[in-house]
Amino acid sequence: MSHQIPQIKLNDGAVFPQVGFGTYKLNGATGVSAIRSALDNGYRALDSAYNYENHGALGEAIRQSDIPRSQIMITSKLPGRHHQYDEALTNIQESLYQTGLKYFDLYLIHWPNPKEDHYVEAWKALIDAQKWGLVRSIGVSNFLPEHIDRLIDETGVTPAVNQVELHPYFSQAPQREYDADHHIATEAWSPLGRASSVLQDSTIKKIADAHKKSVGQIILRWETQIGVMPIPKSSSTVRQRENLHIFDFELTPEEMEAITNLERPDGRVKNQDPAVYEEF
């Protein structure tokens with residue numbers, strides 16, 4: 001299955017599978033089992049974060065897998081409480097020790113936390129961590145255009161990835177356009193709306209019936225067709241396989257437009273606006 005997933009080339013030359021696997025709330029032995037299952041089912045990109053508190057489970061799943069480390073793309077993220085330069089570097093090192101890995105393939109600043117205003121300092125730490133081989137690609141998560149503009153203006157380094165909340169009720173068109181203009185790959189967290197009402201949407205159900213696919217498959221296909229990199233999460237082996245089996249059909253322009261038009265003003269799952277929301 002993994003060889004059928006399209007590859008996305010980042011602005012630094014790295015290549016990532018377009019569909020990855022989210023590991024939020026996959027902890028302990030059950031987390032190891034779910035992540036191992038994802039690898040067995042064809043996923044080759046795993047998304048984690050320091051605040052998920054599952055670096056140990058992630059590392060153990062990788063060690064138990066027969067897949068070579070070089071074929072697995074691992075992402076982690078820097079928490080808001082460690083944005084200061086020295087703390088950021090220490091946190092990256094500690095995260096690697098927790099996982100038992102020698103490097104991360106992609107490392108992101110989890111949230112900009114603009115009130116604290118240390119995200120440029122954190123970005124400088126990521127730039128140095130990349131120079132020293134601790135991480136191979138660097139990016140951001142939940143950053144707005146004004147945040148990214150400042151990173152570029154003050155360091156000259158453009159993020160390779162911006163991971164944001166994105167699903168049919170919150171399609172992030174302006175952010176996607178900004179990212180594309182700056183050659184930044186847009187990655188989607190909560191691509192299925194965290195099992196919210198979007199999975200019951202009648203418009204998507206109708207399209208799913210027409211293609212003999214699940215609602216989740218239609219949403220993920222829509223996201224890949226607009227050029228986004230979704231990272232769905234599931235503990236179910238059946239659902240894990242289903243979420244990857246989305247490249248044997250294509251949505252029509254009319255179907256794409258119908259899903260895009262589901263956008264809502266209050267579409268965010270938890271109203272986490274990066275302009276004001278902070279996570280530590």
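All residue numbers refer to positions in the sequence shown, counting from 1.
Other residues, nucleotides and ligands contribute only 12 or fewer heavy atoms inside 6.0 Å of the CD atom of Glu177. Sparse packing is recorded around CG of Asp66, with 12 or fewer heavy atoms of other residues, nucleotides or ligands lying under 6.0 Å away. Taking a 6.0 Å sphere around CD of Glu278, one finds it holds more than 12 heavy atoms contributed by other residues, nucleotides or ligands. Phe280 CZ: more than 12 foreign heavy atoms inside a 6.0 Å radius.
If you take CG on Leu78 and OG on Ser141, they are separated by 11.0 Å, rounding to the nearest 0.5 Å. From Gln93, atom CD reaches atom CD of Gln98 across 12.0 Å, with rounding to the nearest 0.5 Å. A distance of 9.0 Å separates CZ in Arg268 from NE2 in His167, rounded to the nearest 0.5 Å. Here the CD1 atom belonging to Ile92 is positioned 6.5 Å from the CG atom belonging to Leu134, to the nearest 0.5 angstrom. Remark: Phe247 CZ to Leu220 CG distance equals 8.5 Å, nearest 0.5 Å. With values rounded to the nearest 0.5 angstrom, Ile5 atom CD1 is found 7.5 Å from Tyr43 atom OH.
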- request: I would like to know whether Leu26 and Ser235 meet side-chain contact (heavy atoms from CB on, under 4.5 Å); could you show each step before the answer?
  value: CA-CA 8 Å; Leu26 296 181; Ser235 297; 3.3 Å; yes
- request: Test side-chain hydrogen bond (donor to acceptor under 3.5 Å, both in side chains) on Thr260 and Ser171 and set out the steps.
  value: CA-CA 7 Å; Thr260 301; Ser171 63; 5.9 Å; no
- prompt: Step by step, would you call Thr99 with Ile74 a side-chain contact (heavy atoms from CB on, under 4.5 Å)?
  reply: CA-CA 10 Å; Thr99 57; Ile74 310 297; 5.9 Å; no
field: Derivation of the side-chain hydrogen bond (donor to acceptor under 3.5 Å, both in side chains) call for Asp128 and Tyr85
entry: CA-CA 10 Å; Asp128 284 343; Tyr85 180 88; 2.5 Å; yes
Steps toward side-chain contact (heavy atoms from CB on, under 4.5 Å) verdict (Gln272, Trp111): CA-CA 10 Å; Gln272 295 170 320; Trp111 288 85; 3.6 Å; yes
Worked verdict on Glu279 versus Asn142 for side-chain hydrogen bond (donor to acceptor under 3.5 Å, both in side chains): CA-CA 11 Å; Glu279 183 174 300; Asn142 304 298; over 6 Å; no
- request: Run the numbers on Thr203 and Asn261 for side-chain contact (heavy atoms from CB on, under 4.5 Å), then give the verdict.
  value: CA-CA 10 Å; Thr203 297; Asn261 287 341; over 6 Å; no
task: Decide yes or no on side-chain hydrogen bond (donor to acceptor under 3.5 Å, both in side chains) for Asp201 and Tyr169, but give the supporting numbers first.
output: CA-CA 10 Å; Asp201 190 276; Tyr169 287 172; 2.7 Å; yes
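Side-chain contact between Gln163 and His110 is absent, with no heavy atoms from C-beta onward closer than 4.5 Å. Between Thr75 and Ile231 the shortest side-chain heavy-atom distance does not fall below 4.5 Å. At a threshold of 4.5 Å between non-hydrogen side-chain atoms, the residues Ile62 and Leu46 count as touching. The closest side-chain heavy-atom distance from Arg69 to Lys102 is not below 4.5 Å. The side-chain heavy atoms of Gln175 and Leu144, taken from C-beta on, include a pair separated by under 4.5 Å. Within the 4.5 Å cutoff, the side chain of Phe16 has no heavy atoms near those of the Val161 side chain. Residues Arg264 and Phe170 have side chains not in contact (no heavy-atom distance under 4.5 Å, counting atoms from C-beta outward). Under the 4.5 Å side-chain criterion, counting only non-hydrogen atoms from C-beta, Ile109 is not in contact with His118.
Judged by distance alone, the side chain of Asn54 and the main-chain N or O of Gly31 form no donor-acceptor pair under 3.5 Å. Judged by distance alone, the side chain of Glu121 and the main-chain N or O of Gln84 form no donor-acceptor pair under 3.5 Å. Within the 3.5 Å criterion, the main-chain N or O of Thr252 finds a donor-acceptor partner in the side chain of Glu255. The closest donor-acceptor contact from the side chain of Asn243 to the backbone of Pro232 lies at 3.5 Å or more, if one exists at all. With Asn27 contributing its side chain and Tyr52 its backbone, the two residues share a donor-acceptor pair below 3.5 Å. Checked by atom type and distance alone, the side chain of Gln18 pairs as donor or acceptor with a backbone atom of Thr224 at under 3.5 Å. Proximity of a side-chain donor or acceptor of Gln64 to a complementary backbone N or O of Arg36 within less than 3.5 Å is not detected. No side-chain donor-acceptor contact under 3.5 Å links Ser65 to the backbone of Ala61. At distances below 3.5 Å, not a single donor-acceptor pair connects side-chain atoms of Glu223 with backbone N or O atoms of Val228.
In this structure, Asp105 does not pair ionically with Arg44, as no charged nitrogen and carboxylate oxygen lie closer than 4.0 Å. In this structure, Glu242 pairs ionically with Arg239, as a charged nitrogen and a carboxylate oxygen lie closer than 4.0 Å.
Checking Gln172 against Asp179 by side-chain atom types alone, no donor-acceptor pair falls below 3.5 Å. Side-chain contact of His211 with Gln217: a donor-acceptor pair under 3.5 Å is absent, judged by distance alone.
By the rule that hydrophobic residues join a cluster once side-chain heavy atoms approach within less than 4.5 Å of another member, Ile246 and Leu166 end up as members of one cluster. Val198 and Val269 fall into different hydrophobic clusters, defined by Ile, Leu, Val, Met, Phe, Trp and Tyr side-chain heavy atoms under 4.5 Å apart, directly or through other members. Linking ILVMFWY side-chain heavy atoms closer than 4.5 Å, directly or via other members, places Tyr24 and Phe21 in two distinct hydrophobic clusters. By the criterion of side-chain heavy atoms lying less than 4.5 angstrom apart, applied directly or through intervening Ile, Leu, Val, Met, Phe, Trp or Tyr residues, Tyr107 is not grouped with Tyr103; the two fall into different hydrophobic clusters. Hydrophobic clustering (side-chain heavy atoms under 4.5 Å, transitive across Ile, Leu, Val, Met, Phe, Trp, Tyr) groups Leu10 together with Met73.
Between Gln130 and Ser137, the closest heavy-atom pair is NE2-CA, 3.9 Å. Nearest heavy-atom pair, Ser37 versus Thr237, reported as atom, atom and distance to 0.1 Å: OG-OG1, 3.0 Å. What you find for His182 and Thr158 is that their closest heavy atoms are O-CG2, 3.7 Å. Minimum heavy-atom separation, Leu126 to Val135: O-CG2, 4.2 Å. The two residues Leu192 and Gly216 make their nearest non-hydrogen contact at CD2-O, 3.7 Å. Leu151 and Val140 get closest at one heavy-atom pair: CD1-CG1, 3.7 Å.
Ring geometry for His55 against Phe104 counts as tilted: the plane angle lies between 30° and 60°, on a 0 to 90° scale.
By the 6.0 Å and 45° rule, Arg81 does not stack over the aromatic ring of Tyr50. Geometrically, Arg150 does not engage Phe143 in a cation-pi contact defined by less than 6.0 Å to the ring centre and at most 45° from the axis.
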